[in-house]
Protein chains: 2
Amino acid sequence: MAREMIRHGGRSARIQNEVHAATRALLEVTDRSELTVPMIAERAGVPPSTIYRRWGDLSQLLADVAVERLRPIADPDDTGATMGDLEAFVVQYAEEMSSAVGRRLLRDVLADAENETSATKCCRFTYDHLEVIAGRAVARGEPGIDIGLVIDRVIAPIVYHILFRDRDVEPDYCRQLLATVEVGGLRTAA
Amino acid sequence: MAREMIRHGGRSARIQNEVHAATRALLEVTDRSELTVPMIAERAGVPPSTIYRRWGDLSQLLADVAVERLRPIADPDDTGATMGDLEAFVVQYAEEMSSAVGRRLLRDVLADAENETSATKCCRFTYDHLEVIAGRAVARGEPGIDIGLVIDRVIAPIVYHILFRDRDVEPDYCRQLLATVEVGGLRTAA
DNA sequence: ACGCTAACGCAAATAATTTGCACTTAGGCA
DNA sequence: TGCCTAAGTGCAAATTATTTGCGTTAGCGT
């Protein structure tokens, strides 16, 4: 039987939690550039070799931790109206991602050269959130939103400016971006 | 005299060139994840300590090399018309950046946690290119282009999709993005 | 040409990463 | 339920990468 056999429970899971927790805790007080695997291992109470075997190297571990932190814990706020939902989501997204912590998470996710699935997962989170908002719109009988258009017009510029630090992404700017998908009643993508 | 005293010529410059060349050469045949500083040092004919002292670590060296490779060697093509210039530039930009090499360069630039100037420099290149095109437009008496708008509407989505790998950025898609800044004769940003 | 010192090369010391082997244990199966 | 098997772990030795002190080389300003 060629079954996959990947362990999820018990010790394995406990170790994953402890390593993740140790990483998060150390990132609070340590610069990313002086964070090391042995440091995390000691704090988590495991030997370094366990971390190397399981995650490969520091950047992959950081990417894994970052993805977990970026994973949404709840659906976007329901404001009762599609544009309200969008605005609430986008403004909060920009605020979180442009913070020092958020920026680091974004970079950790992108830095991980192997396992490009980190980046894919992370952008999936955004897509899923927008899909929930789109679903609500339909349920309410409002015109649906074009998710691809929102990503291109709103999310992408925000992420670009955060990554390249060439301008702030304050709420007003986010609303300006959003306004461009609103014209003509959330029209379909070009 | 509190002059800075940074050396640019002679040996120092030669070493920088050799290390850069060695890095580029090794990246052709080696996966980024198995590239090491001692490897580059040997190929460049310098001791590893020289690299560590000068660049700090591998990711900073890779970022430095990436910035140099992204630095434009010439002004964007002059097609005789503003939209033609823009289209030529954007399509080529997307093609270069979405290749395996381009994607790696982009990530190397962003990965470097210290010295965030790498990212800034790199996005400056794009801005400068657009400024040249904008300057030509004015010189021809055509309406000027809003560089911020082009970045938000065209460059940012392209970069986003390349980094997160959630869709291809083929020429047609680039032209669609460009079309949204063309409506109303290159109108001023929102 | 001369002096000053940034940048270098070397090698020893330190730290990180890899690896073989024995052991533990999650999860499937009887 | 209680075996069985291999995924996952811990340990420690071997390897490899990184840091650092110190003497030397060579830009650059005078």
Side-chain angles (χ1 to χ4, degrees), chain A residues 1-23 25-27 29-65 68 108 111-115, chain B residues 1-23 25-27 29-65 68 108 111-115:
Chain A
M1 70 188 64
R3 273 290 325 283
E4 258 294 324
M5 276 301 255
I6 296 176
R7 310 240 162 136
H8 296 99
R11 180 167 68 163
S12 206
R14 186 167 53 253
I15 284 179
Q16 162 159 331
N17 287 338
E18 274 158 16
V19 169
H20 274 223
T23 305
L26 286 171
L27 277 173
V29 294
T30 315
D31 242 32
R32 208 225 115 131
S33 61
E34 39 195 309
L35 188 65
T36 66
V37 170
M39 225 183 261
I40 296 169
E42 188 185 16
R43 173 119 187 187
V46 301
S49 60
T50 291
I51 295 182
Y52 287 118
R53 275 217 239 271
R54 198 149 156 191
W55 282 277
D57 62 18
L58 182 59
S59 75
Q60 284 177 271
L61 169 57
L62 289 176
D64 191 39
V65 170
E68 285 317 302
D108 285 346
D112 169 19
E114 334 300 304
N115 196 15
Chain B
M1 70 183 69
R3 271 294 321 287
E4 260 293 327
M5 274 306 251
I6 296 177
R7 310 242 160 130
H8 294 102
R11 179 169 67 164
S12 208
R14 187 167 53 252
I15 284 179
Q16 162 160 332
N17 286 338
E18 273 158 16
V19 169
H20 275 221
T23 305
L26 286 172
L27 277 173
V29 294
T30 316
D31 242 31
R32 208 227 117 130
S33 60
E34 39 196 309
L35 188 64
T36 66
V37 170
M39 225 183 261
I40 296 169
E42 188 185 18
R43 174 119 185 188
V46 301
S49 60
T50 291
I51 294 182
Y52 287 118
R53 273 211 238 268
R54 193 145 163 196
W55 282 277
D57 61 18
L58 181 59
S59 75
Q60 284 177 272
L61 169 58
L62 289 176
D64 191 40
V65 170
E68 285 317 302
D108 285 347
D112 168 19
E114 336 298 303
N115 196 16

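Computed over heavy atoms, backbone and side chain alike; hydrogens, waters and symmetry mates excluded. So that the names make sense, note that chain A is the first sequence line, chain B the second, and so on, each numbered from 1.
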In whole angstrom, what separates [X]'s [atom1] from [N]'s [atom2]?
{"X": "B:Arg54", "N": "D:dG27", "atom1": "CZ", "atom2": "C1'", "result": "12 Å"}
{"X": "B:Ile51", "N": "C:dG9", "atom1": "CD1", "atom2": "P", "result": "10 Å"}
{"X": "A:Ile40", "N": "C:dA15", "atom1": "CD1", "atom2": "C1'", "result": "15 Å"}
{"X": "B:His8", "N": "C:dT5", "atom1": "NE2", "atom2": "C1'", "result": "15 Å"}
{"X": "B:Glu42", "N": "D:dA17", "atom1": "CD", "atom2": "P", "result": "11 Å"}
{"X": "A:Trp55", "N": "C:dA16", "atom1": "CH2", "atom2": "P", "result": "18 Å"}
{"X": "A:Glu34", "N": "D:dT19", "atom1": "CD", "atom2": "P", "result": "11 Å"}
{"X": "B:Met39", "N": "D:dT16", "atom1": "CE", "atom2": "P", "result": "11 Å"}

Between the protein and nucleotides 21-25 of chain C, are there any N/O to N/O pairs under 3.5 Å, and if so, what are the atom names and distances?
| residue | atom | partner | partner atom | Å |
| --- | --- | --- | --- | --- |
| C:dC21 | N4 | A:Arg53 | NH2 | 3.4 |
| C:dT24 | O2 | A:Arg11 | NH2 | 3.4 |
| C:dT25 | O2 | A:Arg7 | NH1 | 3.2 |

Counting just side-chain N and O atoms, does A:Thr50 come under 4.0 Å of either OP1 or OP2 of D:dT9?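 Answer is no, no contact under 4.0 Å.
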Between A:Thr36 and C:dA16, is there a contact of a side-chain N or O with OP1 or OP2 at under 4.0 Å?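 Checking C:dA16 against A:Thr36, a side-chain N or O does come within under 4.0 Å of OP1 or OP2.
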The test is side chain to side chain contact (heavy atoms under 4.5 Å, CB included); show your working for A:Leu61 and A:Val37 and say whether it passes. CA-CA 9 Å; A:Leu61 169 57; A:Val37 170; 5.6 Å; no
Does any N or O in the side chain of B:Thr23 come within less than 3.5 Å of the main-chain N or O of B:Val19, such that one atom is a donor and the other an acceptor?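 Checking the backbone N and O of B:Val19 against the side chain of B:Thr23, a donor-acceptor pair under 3.5 Å is found.
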Give, for atom [atom1] of [X] and atom [atom2] of [Y], the distance between the pair rounded to the nearest 0.5 Å.
{"X": "B:Gln60", "Y": "B:Arg54", "atom1": "CD", "atom2": "CZ", "value": "13.5 Å"}
{"X": "B:Arg43", "Y": "B:Met39", "atom1": "CZ", "atom2": "CE", "value": "11.5 Å"}
{"X": "A:Ile40", "Y": "A:Leu35", "atom1": "CD1", "atom2": "CG", "value": "4.0 Å"}

No-H, no-angle donor-acceptor pair, A:Ser49 side chain to D:dC11 base, under 3.5 Å: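 Counting by modelled atom types and ignoring angles, a donor-acceptor contact under 3.5 Å is found here.
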So which one's nearest nucleotide on DNA chain D is more toward 5', B:Gly56 or A:Ser12?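 The residue whose closest nucleotide sits nearer the 5' end is A:Ser12.
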Looking at every non-hydrogen atom in both residues, tell me the closest pair between A:Ala41 and A:Pro47 and how far apart they are.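 Heavy atoms only, the tightest pair is CB-C, 4.0 Å.
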Assign B:Gly45 to base, sugar-phosphate, or nothing according to its heavy-atom contacts below 4.0 angstrom with the strands shown.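 B:Gly45: no heavy atom of the nucleic acid under 4.0 Å.
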Apply side-chain contact (heavy atoms from CB on, under 4.5 Å) to A:Ser59 and list each qualifying residue two or more places apart in sequence or on a separate chain.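 Per chain and number, A:Ser59 pairs via side-chain contact (heavy atoms from CB on, under 4.5 Å) with A:Asp57.
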